[in-house]
Engineer: 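Take this structure, written in structure tokens, and hold onto it; I'll ask about it next.
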Amino acid sequence: MAMPPDSTTLVLAAISAWLLIGALGIAALRKLRFVSRVLFPAGAAVGVGLAVAAFVAIGAPPQVAVLPLGLPDLPFHVRVDALSAYFLVLLGAAGAAISWFSAGYFRSSEGTPPGLICFQYHVFLAAMAFVLIADDAYAFMVAWEAMALASYFLVTTEHRIPEIRRAGFLYLLIAHVGAIAILLCFGVLQGGGGDYTFGAMRAVTLPAAWASVAFFLALFGFGAKAGLLPLHVWLPEAHPAAPSPVSALMSGVMLKTAIYGLLRVAFDLLHLQLWWWGAIALSLGLVTALFGVIFAAAQTDMKRLLAYSSIENIGIIVAGIGLAILYKAYDKPLLAAIALTAVLYHALNHAFFKSLLFLATGSVLHATKERSLGRLGGLIHRMPWVAWLALVGTLAIAGLPPLNGFVSEWLLLQAFLFTPTLPQSFVNMLVSIAAAALVLAAALAAYVMVKFYGVVFLGRPREPSLAYAKDAGKYERAALAALALGCVLLGVFPGVVIGALDPVNLLLVGHSTGEAAGDWLLLAPFGEDRSSYSAVIVLVVIVAVVLVTMQVVHRYYHGRVRHADPWDCGHPLQTPRMQDTAEGFGQPVRQVFEPFFRIERHLPSPFDDKPRYWLKPSDPWWHWIYLPIARAAEFAARFVGLIQQGRISVYLTYSFVTLLALLFFVR
Amino acid sequence: MTAAALLSQFVQLALALALAPLLVGWVNQCRAWLSNRSAPPLTLPYRTIRKLFMKDAVVASNASPLFRLTPYVVFGAMCCAAAIVPSLATDLPFALAADAIALVGLFALARVFIALAAMDIGTAFGTLGARREMFVGFLAEPALLMVLFTASLISGSTSLPSIVDTLAHRELAIYPSLALAGVAFTMVSLAENARIPVDNPATHLELTMIHEAMLLEYSARHLALIEWASALKLFNYSCIGLALFFPFGIAQGSDDWLAIALAVPVLVAKLAAGGFALAVIETASAKMRIFRAPEFLGTAFLLAVLAMLVRLLLGS
């Protein structure tokens, strides 16, 4: 029997296939039919293949390879271990569904020709896969930058619109600020040896102070990509600008490469973890989560709302990483493994439900040309496929049993709950307050998602033009259905995934979650007497009760239904404008958390001819950090401007003085 | 899992379904007495449910299937919850499937569905109700979880039967953490079950409604199911409260049928006392403005967090 090809070969083959598809896209620059009917589906097939190959590789020992690419004497090292493989599964699965959706999504009206989009899209996919397998800092940074650039061009697909160019620039700027921090982090990690392979970094023993520097550089750098506070500002700008499949790919998958990087540095490359790193990451993550969800509640643009919701989910994931570091530092490997499992599981879940929702907004956008929540509504009648599949994503992201969002939240809460064993009472207190904040964020997420779904899909159409909205095409439906099915399966059979996560946990924290956690029926990481959850049983019981009740009701009581106008307590005049708008639905949250917002209000005076009330909540971080930096830069520039005289004699004098000074110093 | 355990599970579920409307009737009766009105009969909720089942359903012409599915899902979620709350016995095979966190998740599932259904018709009052309900929900849910966390810190388990087993075997004393959690739980239960001071179940003034505003478009069997589910929710909350703070008289083990039989009158007596207390609270307080609710529920949340901290730091 022939040996199966090793996993690095398979992953590299997938990357090459994606690059080839991209190159074919360049060749067929304006042939929309070829690009959408052949190339994107082929990309999806590669994604499925990658996911399968990577799933097999999770349990296999690490595979390494050296590629004869790159600079002379500086070849690319690649390595597929359990952590890489897990994230490759995520990339392959979510990427496949998004590619399939793209096959039906991209039309010729977009600014960039379809072939070029196809090229950028597949380079983006390939770069993300390469980030996940890079095994030296050089290869990692090359792939990381390729990923940032490809996604930048995808964000600015409709580059004729100035706001979109502005959003793209902001994204590129923050991506590069982050990349500098990552580069510095690798500089610290190599410990002066000059060897930038990850293998060498693992061998280096850094003193605690330098290890802390490396960790915080990584937290900053990867946090900029993931959208951690205060580097989150690009997300709500870039996501509405990008085409929906790109938003889905960026939010569902690219943010996870940052999580991968953080995990890689914090648990694999660094040999020690200090408790206060965990405390800081935990606090930062929860502040991000709360901030993200509170802002999501106030949004009126459906993609901005989802972007803020991504910030929230990343916050939850980073909080989980902080918790895992805390436990690892206090030498509680089982708890660390459970926190880490929750993190990894949530990353996968988020890839599924957030992609699903972003793609659903893409279908809505295509059908209605509207992104503003204030002009949507009632689409469940016009677009039943999209609406019902999006409902699955909505319930999943709201963290409701028996879907997948609940499982990861449940695991994380379990990890939070069994803390009293930590030696420091300060940390104990922090962790329990963090649990409270996490629960608050989760409850708010349900609020936000009810707002999202209710305003977009339910109620009556707020604009007459919505009556002509058409449901998504068959490619889009199939992709949405696949992602929704993923949400259900991940929710109902969590034990399968958690069992497969054992090698990752062993690699990162040196302990697995154990047998009980990986049971297909019952999830009981600490044993059945302490806690257990079985989505299968919950689902079966709810469905059984629903069916039995329906049968009983219809059998014993006549099932007559009369249709009539809505009653609404007898109010005769009802217009769709009387429904809550997105602003109205978010108003309680805005009122309760008013200090978080910076709100501009315009109150009409009684004498206005056409009184208008408007209110614009904006992100205070712009005013706290970014605008001061911009002002400081302008201020400094004015001083630099003083020496620019614009006369050649003055510049010659500068050169002369510089020369003199250099001669004096260098001699 | 034994047949006896399974049987006791079904007995408990059936009892919950049967007793829930009675509890609502009892609370209404107490309220009437306390406010010096003549009381409606105790069985009125049963008759109302029966009457509603008999009627023709009127559904708004622009309702989606979600609207008609919701009452069944809500009812299913509440039955599911009733099966895991130990009201009679602690040996519940089904409780393995969902612990305290999952219980809160089930309540949230019901809430989200009912809010979505309320937004489905697209009326002003429906969306108003949905918004307010989710608003109260996101304030109350964390507080409820914190209460349950305090209890699970004491017992080292988030499984409700284990919590009850542990709490029932403690020596009789006042534990500061449990006392704080008890106050927080009472406040949360009032809000979650749409009682005064957060909501008024008897109101006819649409502008002040929360829970009722969401049900305005429902009629007949759909309304009956939702009313029954609401009654079940009140029953479940009462049983959680009794299980956490007065865990005495709940049968341990499933083969001891005598203990289970004895647990029934104990439960009824406890529920009667609890229902009376609820009526007293409702009669003695006035409904708050909706934007006072964050203060009320924020207090509950802080009390619950304080309870958890007291438990963690002082161990009491």
Side-chain angles (χ1 to χ4, degrees), chain A residues 377-378 380-381 395 398-401 406 410 413 417 420 425 428-429 432-433 435-436 439-440 443-444 446-447 450 453-454 458-460 522 528-534 537-538 541-542 545-546 549-550 553 557 560-569 574 576 578-580 585 588 591-592, chain B residues 53-54 56-62 64 66 72-73 75-77 79-80 96-99 101-102 105-106 108-109 112 115-116 119-125 127-128 130-131 134-135 137-138 141-142 145-146 149 152-153 156-159 162 206 216-217 221 225 291 294 305 308-309 312-313:
Chain A
I380 196 168
H381 302 288
L395 297 177
L400 298 175
F406 180 75
W410 187 85
L413 283 175
L417 209 50
S425 54
N428 267 334
M429 209 163 87
S432 47
I433 290 175
V439 170
L440 184 59
L444 272 164
Y447 185 94
V450 166
Y453 192 82
L458 302 177
R460 282 188 286 171
L522 203 63
E528 283 173 18
D529 53 333
R530 297 190 67 173
S531 60
S532 54
Y533 167 63
S534 166
I537 302 181
V538 170
V541 168
I542 293 182
V545 173
V546 167
T549 320
M550 275 183 174
V553 167
Y557 302 101
R560 271 198 300 251
V561 169
R562 282 195 291 125
H563 288 278
D565 283 344
W567 178 52
D568 201 26
C569 299
Q574 299 170 34
M578 290 178 181
Q579 304 171 87
D580 264 19
F585 207 89
Q591 177 148 354
V592 173
Chain B
F53 269 124
M54 291 305 190
D56 276 3
V58 182
V59 174
S61 43
N62 63 337
S64 74
L66 182 69
Y72 297 97
V73 174
F75 188 70
C79 285
C80 206
L96 274 181
D99 63 352
I101 303 174
L106 283 171
L109 180 74
V112 165
L116 287 176
M119 294 183 82
D120 186 44
I121 308 293
T123 58
F125 289 129
T127 48
L128 172 142
R131 167 175 18 113
M134 292 311 292
F135 172 56
F138 88 70
E141 198 182 300
L145 258 181
M146 284 296 122
F149 280 3
S152 51
L153 277 180
S157 161
T158 58
S159 145
S162 308
E206 298 92 343
L216 286 175
E217 299 298 324
R221 53 175 184 268
L225 278 173
F291 277 107
V305 173
M308 192 158 156
L309 289 180
L312 266 178
L313 301 182

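Letters A, B, ... mirror the listed sequences (proteins, then strands); counts begin at 1.
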Engineer: Need one label for A:Leu440: side chain, backbone, both or neither, based on atoms under 4.5 Å from any heavy atom in chain B.
Structural biologist: both
Engineer: Using non-hydrogen atoms and a 4.5 Å limit, figure out which bit of B:Leu66 sits close to chain A: side chain, backbone, both or neither.
Structural biologist: both
Engineer: Side chain, backbone, both or neither: which part of B:Val305 has a non-hydrogen atom closer than 4.5 Å to chain A?
Structural biologist: side chain
Engineer: What part of B:Ser152 gets closer than 4.5 Å to chain A, counting heavy atoms only: side chain, backbone, both or neither?
Structural biologist: side chain
Engineer: Considering only heavy atoms and a distance below 4.5 Å, find which of A:Val538, A:Leu458, A:Val546 pairs most often with chain B.
Structural biologist: A:Leu458
Engineer: For B:Leu309, is it the side chain, the backbone, both or neither that has a heavy atom under 4.5 Å from a heavy atom of chain A?
Structural biologist: side chain
Engineer: Determine, stepwise, if the pair B:Leu106 / A:Ile542 fulfils side-chain contact (heavy atoms from CB on, under 4.5 Å).
Structural biologist: CA-CA 10 Å; B:Leu106 283 171; A:Ile542 293 182; 3.8 Å; yes
Engineer: With a 4.5 Å limit on heavy-atom distance, are the side chains of A:Val545 and B:Cys80 in contact?
Structural biologist: no
Engineer: Counting only non-hydrogen atoms closer than 4.5 Å, does B:Leu145 touch chain A with its backbone (N, CA, C, O), its side chain (CB onward), both, or neither?
Structural biologist: side chain
Engineer: Roughly how far, to the nearest 0.5 Å, is CD1 of B:Ile121 from CD of A:Gln579?
Structural biologist: 10.5 Å
Engineer: Are B:Met146 and A:Val439 packed together at the side-chain level, in the sense that at least one heavy-atom pair is separated by less than 4.5 angstrom?
Structural biologist: yes
Engineer: Ignoring hydrogens, what is the shortest heavy-atom contact between A:Arg560 and B:Arg221? Give both atom names and the distance.
Structural biologist: O-NH1, 3.6 Å
Engineer: Among B:Ser159, B:Ala108, B:Ala102, B:Ala115, which has the most heavy-atom pairs under 4.5 Å with chain A?
Structural biologist: B:Ala102
Engineer: Looking at A:Tyr447 and B:Phe138, what are the two nearest heavy atoms and their distance?
Structural biologist: CD1-CD2, 3.7 Å
Engineer: Any donor and acceptor pair, going by atom type alone, linking the side chain of B:Glu217 with main-chain N or O of A:Trp567 inside 3.5 Å?
Structural biologist: yes
Engineer: Which atoms form the tightest heavy-atom contact between A:Ser432 and B:Leu312, and what is the distance?
Structural biologist: OG-CD1, 3.3 Å
Engineer: Work out which heavy atom in B:Thr127 is nearest to a heavy atom in A:Phe585; give both atom names and the distance.
Structural biologist: O-CE1, 4.2 Å
Engineer: Heavy-atom distances under 4.5 Å only: say whether A:Ala564 touches chain B with side chain, backbone, both or neither.
Structural biologist: both
Engineer: Of all of B:Cys79, B:Ser64, B:Ala77, which one pairs up most often with chain A through heavy atoms under 4.5 Å apart?
Structural biologist: B:Ser64
Engineer: I'd like to know if the side chain of A:Ser532 and the backbone of B:Leu96 have a donor-acceptor N/O pair within less than 3.5 Å.
Structural biologist: yes
Engineer: Drop me the distance from B:Leu116's CG to A:Leu395's CG, to the nearest 0.5 angstrom.
Structural biologist: 7.0 Å
Engineer: Return the minimal non-hydrogen interatomic distance between A:Asp565 and B:Ser61, and the atom names on each side.
Structural biologist: OD1-OG, 4.0 Å
Engineer: Counting distance only, does the side-chain N/O of A:His563 pair as donor-acceptor with the main-chain N or O of B:Val58 below 3.5 Å?
Structural biologist: no
Engineer: Roughly how far apart are A:Tyr453 OH and B:Asp120 CG, rounded to 0.5 Å?
Structural biologist: 8.5 Å
Engineer: Is there side-chain contact between A:Phe406 and B:Ile101, with heavy atoms separated by less than 4.5 Å?
Structural biologist: yes
Engineer: Rounded at 0.5 Å granularity, tell me how far CZ in B:Phe75 sits from CE in A:Met550.
Structural biologist: 12.5 Å
Engineer: Could you check if a side-chain atom of A:Val450 sits within less than 4.5 angstrom of a side-chain atom of B:Met119, using non-hydrogen atoms only?
Structural biologist: yes
Engineer: Given that the side chain runs from C-beta out, which part of B:Met54 has a heavy atom under 4.5 Å from chain A: side chain, backbone, both or neither?
Structural biologist: both
Engineer: Between B:Ala60 and A:Pro566, which heavy-atom pair has the shortest distance, and what is it?
Structural biologist: CB-CA, 3.9 Å
Engineer: Pick whichever of B:Gly76, B:Gly137, B:Gly156, B:Pro294 has the most heavy-atom pairs under 4.5 Å with chain A.
Structural biologist: B:Gly156
Engineer: So A:Gln574 and B:Thr123, do their side chains get closer than 4.5 Å, heavy atoms only?
Structural biologist: yes
